[in-house]
Amino acid sequence: MRPATLAEVAQRRNGGEELGPLLAEFLDTFYGAVKSKRAQPLLAPEPRHLPSAEEHALLGAIGEHLARRWNLIIPEWVNDPSRFLKRPYFTSPLEGFKALLIAESPLAFRRRLIFTEAEPLRRATMPRENPLQDSIASSEGRSAG
């Protein structure tokens with residue numbers, strides 16, 4: 001069963017499940033809730049502390065980023081000092097990507113010293129931000145050819 005909240009992601013991670021699949025499943029649930037305008041409650045419960053400082057901070061970044069991205073209320077728990085790293089963490093081990101990750105990282109990640117791609121929470125289920133504009137652009141593209 002998919003985790004419905006980031007708190008459930010943390011609980012299951014602390015139970016030994018892998019973080020990547022848990023986050024993917026949560027994001028699919030969250031994006032479905034965005035489409036139906038029921039996403040706010042999924043960010044509200046505070047996730048338990050994770051043993052890995054990077055993963056613990058990552059949940060704060062994800063909660064803040066999702067709230068900012070979808071114009072929701074940013075939960076207070078994301079600003080807990082334990083959710084900020086003291087040393088930079090790069091999501092790619094490749095040295096050549098570090099400058100790009102620094103430049104592209106969204107605010108919620110960058111302020112926690114987590115450096116990642118510009119769209120770190122991208123999923124096929126992610127709603128389009130402006131479906132009307134996408135539709136116009138698509139029809140203009142078809143008529144231009």
Side-chain angles (χ1 to χ4, degrees), residues 1-94 97-142:
M1 185 156 171
R2 288 181 181 171
T5 64
L6 285 173
E8 189 177 342
V9 168
Q11 178 184 6
R12 290 173 59 179
R13 176 66 180 132
N14 282 331
E17 292 184 54
E18 291 295 317
L19 185 61
L22 287 170
L23 286 175
E25 291 175 354
F26 166 74
L27 289 171
D28 289 341
T29 300
F30 181 84
Y31 293 144
V34 166
K35 292 174 187 173
S36 62
K37 302 200 182 316
R38 294 186 305 218
Q40 186 71 57
L42 305 186
L43 300 179
E46 180 174 0
R48 291 184 184 169
H49 193 276
L50 295 177
S52 160
E54 291 83 9
E55 290 180 359
H56 188 67
L58 183 63
L59 290 186
I62 291 169
E64 179 181 340
H65 181 73
L66 290 173
R68 286 182 186 281
R69 178 74 185 263
W70 304 106
N71 297 312
L72 303 172
I73 297 167
I74 299 171
E76 288 295 320
W77 61 263
V78 305
N79 290 313
D80 186 281
S82 71
R83 299 223 181 251
F84 291 81
L85 298 175
K86 295 182 180 10
R87 300 178 61 137
Y89 171 70
F90 292 87
T91 59
S92 172
L94 300 175
F97 281 124
K98 287 186 176 180
L100 179 67
L101 297 179
I102 290 170
E104 285 191 348
S105 292
L107 174 65
F109 293 84
R110 196 171 52 244
R111 69 188 209 105
R112 286 173 177 79
L113 301 180
I114 299 171
F115 299 102
T116 188
E117 65 175 283
E119 195 61 73
L121 306 179
R122 177 180 36 246
R123 299 278 300 154
T125 56
M126 189 168 91
R128 294 183 178 267
E129 291 184 70
N130 189 344
L132 178 60
Q133 187 63 36
D134 291 341
S135 176
I136 293 168
S138 176
S139 66
E140 288 174 352
R142 283 193 301 262

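These numbers come from the heavy atoms of this one structure, side chains and all, not from hydrogens, waters or symmetry mates.
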Measure the CG-CZ distance between Leu66 and Arg69 for me, rounded to the nearest 0.5 Å. 9.0 Å
Can you tell me which residue pairs pass the side chain to side chain donor-acceptor pair (under 3.5 Å) test with a partner in residues 101-114, sequence neighbours excluded? Glu64-Arg111, Glu64-Arg112, Asn79-Arg111
Just wondering, do Met1 and Glu8 contact through their side chains at under 4.5 Å, heavy atoms? no
Should Val9 and Leu19 count as side-chain neighbours, where that means a heavy-atom distance under 4.5 Å? yes
Minimum heavy-atom separation for Ala67 to Pro75, with atom names? CB-CD, 4.2 Å
Compare every heavy atom of Gly63 with every heavy atom of Leu43, then report the nearest pair and how far apart it is. CD1-O, 3.9 Å
Side-chain donor or acceptor of Thr91 paired with backbone N/O of Phe115 under 3.5 Å: yes
Answer yes or no: are there more than 12 heavy-atom neighbours, outside Ile73 itself, under 6.0 Å from its atom CD1? no
To the nearest 0.5 Å, what is the distance between CZ on Arg123 and CZ on Phe26? 12.0 Å
What is the distance from atom CZ of Phe30 to atom OG1 of Thr125, rounded to the nearest 0.5 Å? 11.0 Å
Nearest 0.5 angstrom please: Glu46 CD to Thr5 OG1, how far? 11.5 Å
Could you tell me the separation between the CG atom of Asp80 and the NE2 atom of His49, rounded to the nearest 0.5 Å? 8.0 Å
Do the side chains of Phe109 and Ile62 get nearer than 4.5 Å, heavy atoms only? yes
Answer yes or no: is there a side-chain heavy-atom contact under 4.5 Å between Arg13 and Pro3? no
Atom of Pro106, atom of Pro120 and distance for their closest heavy-atom approach: CG-CD, 3.8 Å
How close do Glu25 and Arg2 get, counting heavy atoms only, and between which atoms? O-CD, 3.6 Å
Is any side-chain heavy atom of Leu42 closer than 4.5 Å to one of Leu6? no
How about Thr116 and Tyr89: do any of their side-chain heavy atoms sit closer than 4.5 Å? no
For the residue pair Phe90 and Leu101, what are the closest heavy atoms and their distance? CD2-CD1, 4.2 Å
Side chain to side chain, Arg87 and Leu113, heavy atoms closer than 4.5 Å: no
His56 and Ser82 have their tightest heavy-atom pair at NE2-OG, 3.0 Å
Should the heavy atoms of other residues, nucleotides or ligands under 6.0 Å from CZ of Phe97 be counted, would the total exceed 12? no
Distance-only, no hydrogens or angles: does the Trp70 side chain make a donor-acceptor pair with backbone N or O of Gln40 under 3.5 Å? no
Interatomic distance, NE2@His65 vs CD1@Ile114, rounded to 0.5 Å, equals 12.0 Å
Do Val78 and Leu59 have side chains that get closer than 4.5 Å, going by heavy atoms? no
